[in-house]
Structures are given as structure tokens and as C-alpha cells.
Amino acid sequence: MNSNNNIFVQYIQKEDIFRDKKTLSSAFVPQKIAHRDIEINQISSMLAPVLRGYKPNNIFIYGTCGTGKTICARFIVSQLKDAVKAAGKGLRVLYVNCKMKGVSDTEYRLFAHLIKEMGGVVPDTGLPTDVVMRKFFDMIDSKDSQVIIILDEIDTLVKKIGDAFLYNLTRADPKKTYITIVGVTNDTSFRDNLDLRVKSSLSEEEILFKPYNALQLRDIIMERVRDGFKDGAVSDEVVGKCAAIAAQEYGDARRALDLIRVAGELAERAGELVVTESHISTAQQKLDLDRVTETVRSQPSHSQAVLYSILRLNEKTSTAGGWKDRRMLTGDVFETYTEICSANGMKPLTQRRISDLIGELDMLGIITARVVSNGRYGRTRDISMAVKDDGLMRVKNLMVERFGE
DNA sequence: AGTCCACAGGAAGGGCAGGCGA
DNA sequence: TCGCCTGCCCTTCCTGTGGACT
């Protein structure tokens with residue numbers, strides 16, 4: 001076959017807008033982190049005792065989404081690791097993203113994940129929790145003299161499995177190893193909700209990361225654009241727009257990086273060599289829509305059936321007829337859900353379970369479910385779609401594809 | 001003030017799949 | 001193979017809730 005006939009040739013020949021795309025990922029840890037010098041110095045000084053072989057205090061880092069908490073924690077710990085290595089000592093760093101499903105749903109899974117991070121093997125289920133815990137402590141005792149565990153989104157973990165694991169970790173008595181916990185959370189009231197015994201065993205220090213302002217975001221994007229895009233591909237105005245949008249969203253740098261990266265991809269796909277403000281606007285819409293459809297698609301079938309029943313009732317309440325302007329309640333959703341189940345050969349779940357599924361859809365931001373009391377007509381939830389316009393259409397199409405009209 | 005409604009939501013436990021060790 | 005352990009999803013049972021109605 002003539003290589004010129006290959007359908008991918010056009011993509012090889014196409015000029016690339018990116019220099020190094022991975023630097024535009026929010027997970028990428030740069031050589032220097034802008035506008036976080038004070039926080040980095042504070043955390044470094046807290047962790048410095050590791051270099052002298054002492055156990056530092058546990059650290060809790062607070063701050064809203066995209067304020068650089070995780071990236072700073074990883075950056076500092078990786079620098080510390082190098083310094084410890086240069087001093088001829090050992091330090092092991094374990095990172096846990098507590099939001100990841102299957103990683104931290106239970107205490108068992110958490111310790112299983114930590115063991116796997118260290119290269120150990122443990123089945124996903126089957127062993128008593130204390131056996132897995134003991135195995136973890138045996139492993140850290142047999143290797144390095146210090147261990148730092150970064151628990152990202154630690155509030156999610158505590159909500160799921162309680163705070164007893166923190167007590168177990170901090171009160172554990174390995175023979176040769178110190179364990180330091182670096183907890184990262186966007187819940188500023190996290191510490192207040194801990195058990196008193198856990199609080200007293202933690203002996204922790206706290207650092208607060210304030211949101212970035214538009215100027216700081218601008219610097220951050222600018223630095224990444226310099227490494228990520230080819231010269232001239234992104235103008236100062238485009239960076240400014242990106243920063244302004246992200247600043248409106250509580251100074252979220254992660255959002256800013258996603259925006260500029262997706263905008264770059266859109267420009268590249270259109271065969272253009274410059275990212276424009278219109279690419280940024282389209283990227284903004286695309287990111288919102290992708291988030292919704294991906295979330296919906298990943299839901300289990302009963303959850304989808306509940307969502308479809310809400311969609312159907314939503315149409316009824318917004319069009320003329322007996323349902324016009326009526327509020328959508330849990331009982332209504334359950335009734336429609338039962339009909340959808342029988343039409344699709346599914347065995348319906350109980351109303352109790354559906355109540356939980358409605359709560360989960362609310363948590364995901366796809367619907368809004370507010371508990372209201374209608375006096376003698378009972379206490380229930382007032383439900384509506386949180387997704388509007390294009391997002392709503394996309395969700396509807398997905399549901400029709402799944403359950404039929 | 002007491003009653004009532006339509007749930008919310010907590011607690012306990014059942015059933016299932018799957019791993020481990022005797 | 002069997003008993004015991006796990007996580008997960010679910011049901012059943014129960015108490016609590018708050019405002020309209022009597």
C-alpha cells in the first residue's frame with residue numbers, strides 16, 4: 001500500500017500547536033510553583049525534622065479546589081525525598097487520592113491500596129482488615145525509616161469510613177518507622193468534626209491555601225503556556241480571558257489549565273495555529289457538557305432510570321397540561337421510575353433506595369433535590385433538573401438511547 | 001395543642017461474589 | 001471443600017420531621 005494513502009498521514013504532516021502538552025495537565029508538577037512561596041516554606045519547615053531522623057507533626061492543608069494544595073504537597077515531598085536520599089537515608093512517600101472509587105471506600109481498601117503502592121500484593125477482598133493493616137505495618141518496618149502518606153481529599157475518606165483509621169495510623173507503633181500524614185482537604189471544618197481521641201492523637205499543624213486572584217492565575221497560565229504551546233500560539237489576551245473565567249470560579253487554577261488545554265485542542269482540530277478567545281468560550285461549554293454526560297453515562301442502570309423519570313416529569317411540568325408548574329416530589333419520581341422499570345423489564349428497587357439514589361444525583365449536581373415540608377401533606381423532596389439547555393438535551397438523548405421514548 | 005401526612009434518613013441485616021487458610 | 005472473612009447493594013423496619021389542618 002502506498003504510504004501516502006494512509007488515512008493518518010494528514011495528521012503527521014499537520015503542524016502542531018503544542019510543544020509539550022503534558023505540562024498543561026493539572027496533575028503535572030512544575031519545577032517552580034508560582035505564588036505559593038510562603039506556604040511552601042511553611043510546609044517545608046514543618047517537614048524538615050525528617051532530615052534529622054525525627055518524626056515531624058502531621059500536616060493538614062486546607063483550601064478550595066484548584067488552589068495548588070495537592071501540587072504543592074507533591075512538590076515539597078518529592079524535594080524532601082531527594083534531600084533525604086542525598087543524606088543517605090530512606091524516605092517513602094505514599095499518595096492516596098481518596099476520591100478514587102475502589103481506593104478508599106473502606107478501611108480495608110485504603111490499607112490494600114497503600115500496600116500496592118509499596119509494591120505489595122493483597123486481594124481486593126477476602127482478608128480480615130486487621131490482617132491487611134498488620135501487613136502494611138510489617139512492610140513499612142522492613143524497608144525505609146520514614147514514611148509520608150499524602151491523603152488527598154481526606155474529608156471524603158473520613159465521610160465514607162469514619163476517622164478511626166487516622167487513630168490507627170497515628171497510634172500505630174511500628175518498630176523502626178515513623179508515619180507522617182499530610183492530609184489535603186477543601187473542607188475547612190474537617191478538623192472540627194473529628195472524634196476527640198483522634199484529634200488528640202493527631203498532633204497536627206494546619207496550613208490554609210487562599211484562592212488565586214486573576215493576576216496570579218494569569219502568571220500560572222502564562223508559565224504553563226510557555227512550556228506547553230509553541231511560540232505565538234496563545235496571546236496575552238487569551239491568557240487573560242482564561243484567568244478571568246477561572247477567577248470567577250473561586251480562583252480555580254485547575255479549571256484555568258483545563259480551559260487553555262481544551263481550547264488548544266479545539267484550535268488544533270480546526271487546523272488553526274493560534275488559540276483565540278472563541279476557542280476559550282467553546283472550551284468552557286465543552287468542559288461543562290463533557291462533565292455532565294460522562295457522569296450520567298457512568299451511573300448504574302437504576303440511577304439512570306431515576307434520572308430519566310425526573311427528565312420525563314420535568315418535561316410535563318414545563319409544558320401545558322395537568323402537570324403545568326406542579327412541583328416534582330419523591331413519590332412522583334418513584335411512580336414514573338416504576339413504570340420505566342416495568343417497560344424495560346427491570347425489577348424496581350424500593351422507595352427507600354430510590355430516595356438514596358435521588359440524593360446521589362443531587363450530590364453529583366445533575367438534579368436539585370431540596371427537602372421541603374408541605375404541612376399535613378407531608379415532608380418530601382422538591383426535585384428539579386440542575387442541568388439546563390444543551391446539557392439537558394444531551395442527557396435526554398442519552399436516556400432515550402438507553403430506555404427508548 | 002394535637003393530629004396527620006409523606007416522606008427523610010438511620011440502623012440492622014440479608015444475599016451475593018470472591019479470597020484465604022485449614 | 002468448608003467456614004470465615006471481606007465489600008457491595010439492597011431491603012426492612014423504625015423514628016424523626018415540620019408545617020398545614022382540625
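The figures that follow rest on heavy atoms only: side chains count, while hydrogens, waters and symmetry mates do not. Below, chain A is the first sequence line, B the second, and so on; all start at residue 1.
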Return the value, rounded to whole Å, for the distance between atom [atom1] of [X] and atom [atom2] of [N].
| X | N | atom1 | atom2 | value |
| --- | --- | --- | --- | --- |
| A:R370 | B:dG9 | CZ | C1' | 19 Å |
| A:H113 | C:dG7 | NE2 | P | 16 Å |
| A:R379 | C:dT15 | CZ | P | 16 Å |
| A:E335 | B:dA6 | CD | C1' | 14 Å |
| A:D382 | B:dC7 | CG | C1' | 13 Å |
| A:L329 | B:dC5 | CG | C1' | 12 Å |
| A:K347 | B:dC16 | NZ | C1' | 13 Å |

- prompt: Are OP1 or OP2 of B:dC5 and a side-chain N or O of A:T380 less than 4.0 angstrom apart?
  reply: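 No, A:T380 has no side-chain N/O under 4.0 Å of OP1/OP2 on B:dC5.
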
Regarding [X] and [Y], does a basic nitrogen lie under 4.0 Å from an acidic carboxylate oxygen?
| X | Y | result |
| --- | --- | --- |
| A:K85 | A:D82 | no |
| A:K21 | A:E265 | yes |
| A:E223 | A:K32 | no |
| A:D219 | A:R36 | no |
| A:D356 | A:R352 | yes |

Any protein N or O atoms within reach of nucleotides 19-22 of chain C? Criterion: under 3.5 Å, listing atom names and distances.
unit_1, atom_1, unit_2, atom_2, d
C:dG19, O4', A:S373, OG, 3.4
C:dG19, N2, A:G375, O, 2.6
C:dG19, N2, A:R376, N, 2.9
C:dG19, N3, A:G375, O, 3.3
C:dA20, O4', A:R376, N, 3.3
C:dC21, O3', A:R376, NH1, 2.9

query: Does the ring of A:Y337 carry A:R312 above it, NZ/CZ under 6.0 angstrom from centre and within 45° of its axis?
result: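 Checked: cation-pi criterion not met.
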
field: Lys NZ or Arg CZ of A:R224 over A:F28 ring: under 6.0 Å, within 45°
entry: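 Geometry flag: not set, cation outside 6.0 Å or 45°.
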
message: Suppose we screen for salt bridge (charged side-chain N to carboxylate O under 4.0 Å, His left out). Which residues come up paired with A:R297, at least two apart in sequence or across chains?
response: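 Once residues adjacent in sequence are excluded, the partners of A:R297 under the salt bridge (charged side-chain N to carboxylate O under 4.0 Å, His left out) criterion are A:E294.
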
task: Might you confirm whether atom CD of A:E335 has over 12 heavy atoms from other residues, nucleotides or ligands at distances under 6.0 Å?
output: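 No, not enclosed.
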
task: Residues of residues 351-364 of chain A with any non-hydrogen atom less than 4.0 angstrom from an atom of DNA chain C: list those, numerically ordered, please.
output: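 The answer is A:R352, A:R353.
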
